[in-house]
Student: 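The following block contains the structure, expressed as structure tokens.
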Amino acid sequence: MDMDPVRNPYSPGAGSPPPALVGRNSELEAFDIAIQRLAIGRSAKSLMLTGLRGVGKTVLLIEFGKIAQGHGWIHQQIEATEDIRFPEAMAMLVRKALLRLSAGQRLADRARRAFGVLKSFQLRWDLPDGTGVVVGIDPEPGLADSGVLDDDLAGLFLEVGEVAQEQGIGVLFTIDEIQYLSKEHLAALIVGLHRVSQEQLPFMVVGAGLPSLPALAGEAKSYAERLFAFTVIDSLPPAESHVALSTPAENEGVRWNAAALDSVVEAAEGYPYFLQEFGKQAWDVAPGPATISEEDVEAAIPIAVNELDTGFFRVRIDRTSDGERAYISAMASLGAGPYGSGDVAAAMEKTTTQVGPLRDALIKRGLCYSPRYGVIDFTVPMFDEFVRRWQH
Ligand SMILES: Nc1ncnc2c1ncn2[C@@H]1O[C@H](COP(=O)(O)OP(=O)(O)OP(=O)(O)O)[C@@H](O)[C@H]1O
Ligand SMILES: [Mg+2]
């Protein structure tokens with residue numbers, strides 16, 4: 001009897017909740033404490049999660065949302081894209097939060113004012129009037145319609161925080177892929193949040209993005225590092241990688257052979273997405289009924305790698321230009337990263353200045369980041385190996 005594919009617990013996929021969320025207790029606890037502090041009027045820093053592709057940032061944002069909701073808070077999430085219209089996205093978040101804060105109640109004066117402030121913001125920023133279902137709201141000028149985005153965001157956030165406080169609850173906004181915000185928008189967000197954080201309202205923003213983020217935020221505003229708690233989300237150490245694989249199987253009455261587990265943990269290098277993919281394929285090839293053996297893993301690894309190549313890795317190069325691909329190939333030809341920008345240029349027989357625009361485009365696209373000055377690396381773990389496989 002084969003193992004039941006229906007009961008396969010592993011969950012490779014963007015933002016797919018893992019069957020066992022391991023190695024993130026300190027982040028979860030820190031967030032829980034921050035929420036509780038804000039709820040009683042104490043201060044807490046906004047949070048920024050940074051990490052490579054597939055380490056589990058989105059999963060953590062979702063988990064934070066659940067924790068916040070557990071404390072009775074309202075949670076709204078957005079995902080930034082390269083072409084995000086930021087003021088509109090913020091207005092939408094605020095609108096949804098205000099709608100939920102006023103759901104099922106006769107619109108209290110305070111909430112009515114908040115909708116008015118939102119309306120003024122939308123008018124000032126030429127946005128569609130999204131107050132929508134709330135009729136008869138007059139614009140409330142003077143609080144979020146100066147035309148200076150940081151002031152106006154601060155004005156909007158203050159409204160949300162104050163309405164929430166009045167109702168004895170809180171509001172959490174999570175912004176995924178935050179590295180796609182322009183420097184100006186990120187700066188406005190940071191300054192706006194700074195204003196609100198001084199009021200100690202039950203309002204919090206958590207961002208998640210690629211490792212390029214702290215540098216971007218640092219350039220955006222020098223005090224970003226003081227205002228935000230930057231937390232690096234990394235690959236899992238071997239002991240935790242073992243648990244990430246063995247616990248979900250145990251819950252289904254299936255045991256991993258110890259050597260089999262070691263091989264998968266090694267092949268995945270502790271990266272959560274890879275652990276899920278390798279685990280899934282090993283389960284599906286195993287004849288079972290109740291163990292996953294070394295032979296199963298040997299058979300599963302090429303299947304898993306192929307799965308990653310045609311999905312997880314492949315989508316990253318789908319929209320790249322020929323020039324960008326040449327740059328990527330040059331990086332991969334040098335082995336594992338990080339790479340000196342000069343070395344990549346030399347591999348292309350060009351100067352650093354000549355290939356600078358390609359490098360910048362890849363960073364903007366989120367495929368590469370600069371760990372420090374003059375150095376570049378892929379944001380996708382093991383991407384260099386994929387590029388070398390793909391070229392053959
Ligand atoms: N702590 C964890 N333990 C085990 N598996 C995890 C953990 N965190 C995430 N995963 C798994 O890893 C995969 C990637 O998670 P997620 O999409 O949250 O990563 P990400 O950092 O947001 O990646 P990207 O930068 O591509 O958006 C998912 O399949 C998820 O189930
Ligand atoms: Mg994500």
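As the structure is a computational prediction, the values presented were derived from the model and not from experiment. Each ligand, and each atom within it, is numbered from 1 in the order the structure gives. Position 1 is the first residue of the sequence; numbering continues from there.
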Student: Identify the protein heavy atom lying closest to atom 11 (C) of ligand 1, giving its residue, its atom name and the separation to 0.1 Å.
Tutor: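 Residue, atom and distance for the closest contact: Q276 CG, 3.7 Å.
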Student: Identify the protein heavy atom lying closest to atom 28 (C) of ligand 1, giving its residue, its atom name and the separation to 0.1 Å.
Tutor: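 Closest protein heavy atom to atom 28 (C) of ligand 1: G13 O, 3.2 Å.
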Student: Would you mind checking which non-hydrogen protein atom is closest to atom 26 (O) of ligand 1, with the distance to 0.1 Å?
Tutor: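 Of every protein heavy atom, R53 CD, 3.2 Å lies nearest to atom 26 (O) of ligand 1.
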Student: Out of curiosity, is A20 lining ligand 1, as in a heavy atom under 4.0 Å away?
Tutor: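 Yes.
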Student: For T58, take its heavy atoms, then give the atoms of ligand 1 lying under 4.0 Å from any of them.
Tutor: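 Near T58, the atoms of ligand 1 are 18 (O), 20 (P), 22 (O), 27 (O).
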Student: So is there a nitrogen or oxygen of G15 less than 3.5 Å from a nitrogen or oxygen in ligand 1?
Tutor: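 Looking only at distances, the answer is yes, because the N/O contact criterion of under 3.5 Å is met.
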Student: Any non-hydrogen atom of E177 lying under 4.0 Å from ligand 1?
Tutor: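 Yes; E177 lies near enough to ligand 1 that a heavy-atom distance drops under 4.0 Å.
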Student: Can you sort out which atoms of ligand 1 are near R24, meaning under 4.0 Å from one of its heavy atoms?
Tutor: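 Every atom of ligand 1 under 4.0 Å from some heavy atom of R24: 1 (N).
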Student: Return the closest protein heavy atom for atom 19 (O) of ligand 1 as residue, atom name and distance.
Tutor: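 Its nearest protein heavy-atom neighbour is G56 N, 3.0 Å.
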Student: Mark yes or no for whether T379, through its side chain, and L367, through its backbone, hold a donor-acceptor pair below 3.5 Å.
Tutor: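 Confirmed, T379 side chain pairs with L367 backbone.
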Student: Is R388 salt-bridged to D384, going by a charged N under 4.0 Å from an acidic O?
Tutor: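 D384 and R388: salt-bridged.
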Student: Counting each atom of ligand 1 from 1 as listed, which ones have a heavy atom of A14 under 4.0 Å away?
Tutor: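 Numbered from 1, ligand 1 contributes 17 (O).
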Student: For ligand 1, which is the ligand I care about here, please tell me if V59 has any N or O atom under 3.5 Å from one of the ligand's N or O atoms.
Tutor: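 Between V59 and ligand 1, an N or O pair is found under 3.5 Å apart.
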Student: List the steps and the verdict of salt bridge (charged side-chain N to carboxylate O under 4.0 Å, His left out) for E162 and R110.
Tutor: CA-CA 9 Å; E162 285 175 10; R110 187 64 192 83; 2.6 Å; yes
Student: Please determine whether a side-chain nitrogen of the Lys or Arg among E177 and K57 lies less than 4.0 Å from a carboxylate oxygen of the Asp or Glu.
Tutor: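 So E177 does not pair with K57 through a salt bridge.
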Student: Before accepting this row, confirm whether a basic side-chain N of the pair K66/E63 lies closer than 4.0 Å to the acidic partner's carboxylate O.
Tutor: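 Looking at E63 together with K66, the answer is yes, because their closest N to O distance falls below 4.0 Å.
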Student: Starting from atom 10 (N) of ligand 1, what is the nearest protein heavy atom, named by residue and atom, and what distance separates them?
Tutor: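 Protein heavy atom with the smallest distance to atom 10 (N) of ligand 1: P272 CB, 3.5 Å.
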Student: Return the residue, atom name and 0.1 Å-rounded distance of the protein heavy atom closest to atom 25 (O) of ligand 1.
Tutor: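 Checked against all protein heavy atoms, atom 25 (O) of ligand 1 sits closest to K57 NZ, 2.7 Å.
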Student: Would you say ligand 1 has an N or O under 3.5 Å from any N or O of V22?
Tutor: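 By distance alone, the answer is yes.
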Student: Between R24 and E29 (salt bridge meaning N to carboxylate O under 4.0 Å), is one present in this structure?
Tutor: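 Judged by the 4.0 Å cut-off on N to carboxylate O distance, R24 and E29 do not form a salt bridge.
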Student: Anything under 30° is parallel, anything over 60° is perpendicular, the rest tilted; go ahead and classify Y10 against W256.
Tutor: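 Answer is perpendicular, since the angle exceeds 60°.
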Student: Are the charged groups of D109 and R113 less than 4.0 angstrom apart, N to O?
Tutor: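 Result for this pair is no, no salt bridge flagged.
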Student: Please confirm whether F312 and F386 have ring centers closer than 6.0 angstrom.
Tutor: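 No, too far apart.
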Student: Does G23 have a heavy atom less than 4.0 Å from any atom of ligand 1?
Tutor: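 In this structure, G23 fails to qualify as a contact of ligand 1 - no heavy atom is under 4.0 Å.
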Student: For the aromatic rings, using the six-membered ring if either is Trp, is the centroid distance between F173 and F203 under 6.0 Å?
Tutor: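 Aromatic pair counts; centres sit under 6.0 Å.
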Student: With heavy atoms only and a cut-off of under 4.0 Å, state how P18 meets ligand 1: side chain, backbone, both or neither.
Tutor: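 Both of them.
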Student: Answer yes or no for G54: is there a heavy-atom contact with ligand 1 below 4.0 Å?
Tutor: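 The answer is yes, since G54 has a heavy atom less than 4.0 Å from ligand 1.
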Student: Salt bridge check: are D309 and R389 linked by an N-O gap of less than 4.0 Å?
Tutor: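 Salt bridge present between D309 and R389.
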Student: Between G366, S16, S11, which one has a non-hydrogen atom sitting closest to atom 29 (O) of ligand 1?
Tutor: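 The option holding the nearest heavy atom is S11.
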Student: Any salt bridge linking R195 with D151? Criterion: basic side-chain nitrogen under 4.0 Å from a carboxylate oxygen.
Tutor: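 Answer for the salt bridge query: yes.
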Student: Would you mind running through ligand 1 and noting each atom that sits below 4.0 Å from a heavy atom of L21?
Tutor: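 Listed by number with element, the hits are 1 (N), 2 (C).
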Student: Assess V55 for proximity to ligand 1: is some non-hydrogen atom of it under 4.0 Å away?
Tutor: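 For ligand 1, residue contact (heavy atoms, under 4.0 Å) with V55 is present.
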